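Report on one structure; see the data block that follows.
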There are 2 protein chains.
Amino acid sequence: MTKPITNARALPIGAASRLAGVNIETIRYYERIGLLARPERTAGGNRVYDEAAVARLGFIRRCRELGFSIDEIRELLSMVDRRDYSCAEVHRLTVAHHRSIMGRVAALQRMAAVLDGMASQCDRGDLPDCPIIEALQDDRRPAGGRP
Amino acid sequence: MTKPITNARALPIGAASRLAGVNIETIRYYERIGLLARPERTAGGNRVYDEAAVARLGFIRRCRELGFSIDEIRELLSMVDRRDYSCAEVHRLTVAHHRSIMGRVAALQRMAAVLDGMASQCDRGDLPDCPIIEALQDDRRPAGGRP
DNA sequence: CTACAATCTGTAGCCACTACAGAAGCAAGG
DNA sequence: CCTTGCTTCTGTAGTGGCTACAGATTGTAG
């Protein structure tokens, strides 16, 4: 919460975007889907943000960088907003997300192993019968190598 | 009734779908985007497939299972269709795809490491100041832990 | 012939943005 | 005040790779 952003109280969307590291279009998108409150406006109708909004955007960005979905972030934010969230809730969400990432890693690694096996059978010559293509065509030798 | 599809020459879309392991809607989608040739039709207008089409669908499915994009599959199919594709081309595509998968794995593993670190700091008590939330809020301790 | 299943076309939705078009606001210099 | 030039506005459409309908038609077994 201690931010060394000097005296910037009224930031137009471009400044908020740069400070938070979130695209202008994305900020408007977050507002549209209700992830971010509608900000004040200038007399002419331009959005005006304050440090709190920039901090919230930073929170969202960091969550996204960690792969949380918008709905998960919505949940995290609502916990924060309640102010009486329990650590256990947050922990549960984080661990569940961690598990799902590990699942994706495992799936990708299975793919990579098959690809590696196929590529290593290929001698990169000018054969008309590429082992890779053969492996992909043959359904008795399933590409996934699954049981 | 599991019919042994020995001499099935004229398959309606449902049978092709079951044989190839590709959804009916997906088959029509592949046709729409030009990945699959438009098949013959019955007098009434229903699609009719043959074994070659089913084999092609199987090829596509196996490529998808290995994470190839539609455009990559389009390229692979065009090589196969040319009949004089070189093994080197196929190998290059496969290796490039492998590399991109490894990149995604690395990115996910970085996320997982940060999540793991955050979760392990949390004692799951009923603290109002959850270390996970703190980490997500604090922009001097970037969640990504990136150098 | 009559059920009932399968298939048809076309459209809209998913996720999390991104990319415009065309209009209007805003700040500085003259 | 006026122009210049950047920024921001709204609204819509596109991305990838499907999936899910609605409402109509076709195919088929009894």
Side-chain angles (χ1 to χ4, degrees), chain A residues 8 10-36 38-49 53-54 57 59-77 97 100-101 104 107-108 111, chain B residues 1 3 8 10-36 38-49 53-54 57 59-77 97 100-101 104 107-108 111:
Chain A
L11 303 157
I13 197 168
S17 164
R18 275 186 301 278
L19 286 171
V22 176
N23 259 348
I24 291 179
E25 316 271 17
T26 307
I27 295 177
R28 288 196 285 249
Y29 168 70
Y30 287 161
E31 181 185 331
R32 207 161 59 241
I33 64 172
L35 201 61
L36 202 65
R38 268 171 294 186
E40 302 284 317
R41 301 281 188 137
T42 64
N46 284 16
R47 291 170 180 81
V48 177
Y49 296 93
V54 170
L57 274 170
F59 182 94
I60 296 172
R61 177 178 52 76
R62 283 183 286 281
C63 289
R64 291 293 300 136
E65 283 169 358
L66 290 174
F68 284 102
S69 73
I70 294 289
D71 273 351
E72 286 167 333
I73 297 173
R74 216 186 282 277
E75 228 180 312
L76 284 169
L77 283 172
H97 180 55
S100 108
I101 286 188
R104 283 158 65 193
L108 286 172
M111 289 182 198
Chain B
M1 289 284 188
K3 43 185 176 182
L11 303 157
I13 197 169
S17 165
R18 275 187 301 276
L19 287 170
V22 177
N23 260 347
I24 290 180
E25 316 271 17
T26 307
I27 294 176
R28 287 197 285 248
Y29 168 71
Y30 287 161
E31 181 186 331
R32 206 162 59 241
I33 64 172
L35 200 62
L36 202 63
R38 269 170 295 187
E40 303 285 317
R41 301 281 187 138
T42 64
N46 285 16
R47 289 170 180 81
V48 177
Y49 296 93
V54 170
L57 274 170
F59 182 94
I60 295 171
R61 176 178 54 75
R62 282 182 287 280
C63 290
R64 290 295 299 136
E65 284 169 357
L66 291 174
F68 284 102
S69 73
I70 294 290
D71 273 352
E72 286 167 333
I73 297 173
R74 218 187 282 276
E75 229 181 310
L76 283 170
L77 283 172
H97 179 54
S100 106
I101 284 188
R104 283 158 64 193
L108 286 172
M111 289 182 199

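Worth knowing before you read on, the calculation uses all heavy atoms, side chains too, and leaves out hydrogens, waters and symmetry mates. Because the structure is a prediction, the values reported are computed rather than measured. A note on names: the letters A, B, ... follow the listed sequences, proteins ahead of strands, and every chain is numbered from 1.
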Strictly under 4.0 angstrom, non-hydrogen atoms only: write out the protein contact profile of nucleotides 22-30 of chain D, one letter per nucleotide from the 5' end, B, S or -. ----SS---
For A/E75, which residues count as a side chain to side chain donor-acceptor pair (under 3.5 Å) partner, sequence neighbours excluded? none
Taking salt bridge (charged side-chain N to carboxylate O under 4.0 Å, His left out) as the definition, give me every residue that meets it alongside A/R74, ordered by chain and number, with sequence neighbours left out. A/D71
Identify, with sequence neighbours excluded, every residue that meets salt bridge (charged side-chain N to carboxylate O under 4.0 Å, His left out) alongside B/R104. none
Other residues, nucleotides and ligands only: do more than 12 of their heavy atoms fall within 6.0 Å of CZ on A/R38? no
Give a yes/no answer on whether the side chain of B/R74 brings an N or O atom under 4.0 Å of OP1 or OP2 in D/dG16. no
Note: chain A reaches DNA chain C at heavy-atom distances under 4.0 Å over the stretch, first to last nt, 5' to 3', of C/dA16 to C/dC26
Take atom CD1 of B/I24 and atom C1' of D/dC18, then tell me their distance rounded to the nearest Å. 15 Å
For A/R61, what residues pass the side chain to side chain donor-acceptor pair (under 3.5 Å) criterion, not counting sequence neighbours? A/E65
Separation of D/dT12 C1' from A/E25 CD (nearest whole Å): 12 Å
By a strict heavy-atom criterion of less than 4.0 Å, which residues belonging to residues 27-36 of chain A are in contact with DNA chain C? A/Y29, A/Y30
Output all residues satisfying side chain to side chain donor-acceptor pair (under 3.5 Å) with B/E31, sequence neighbours left out; order by chain, then residue number. B/R47
Considering residues at least two apart in sequence or located in another chain, which fulfil the side chain to side chain contact (heavy atoms under 4.5 Å, CB included) criterion with A/A107? A/R110
B/F68: partners by ring-ring contact (aromatic ring centres under 6.0 Å, His included), with sequence neighbours left out: B/H97
By ring-ring contact (aromatic ring centres under 6.0 Å, His included), which residues pair with A/Y29, not counting sequence neighbours? none
From A/Y49 atom OH to A/I27 atom CD1, the distance as rounded to the nearest 0.5 Å: 5.5 Å
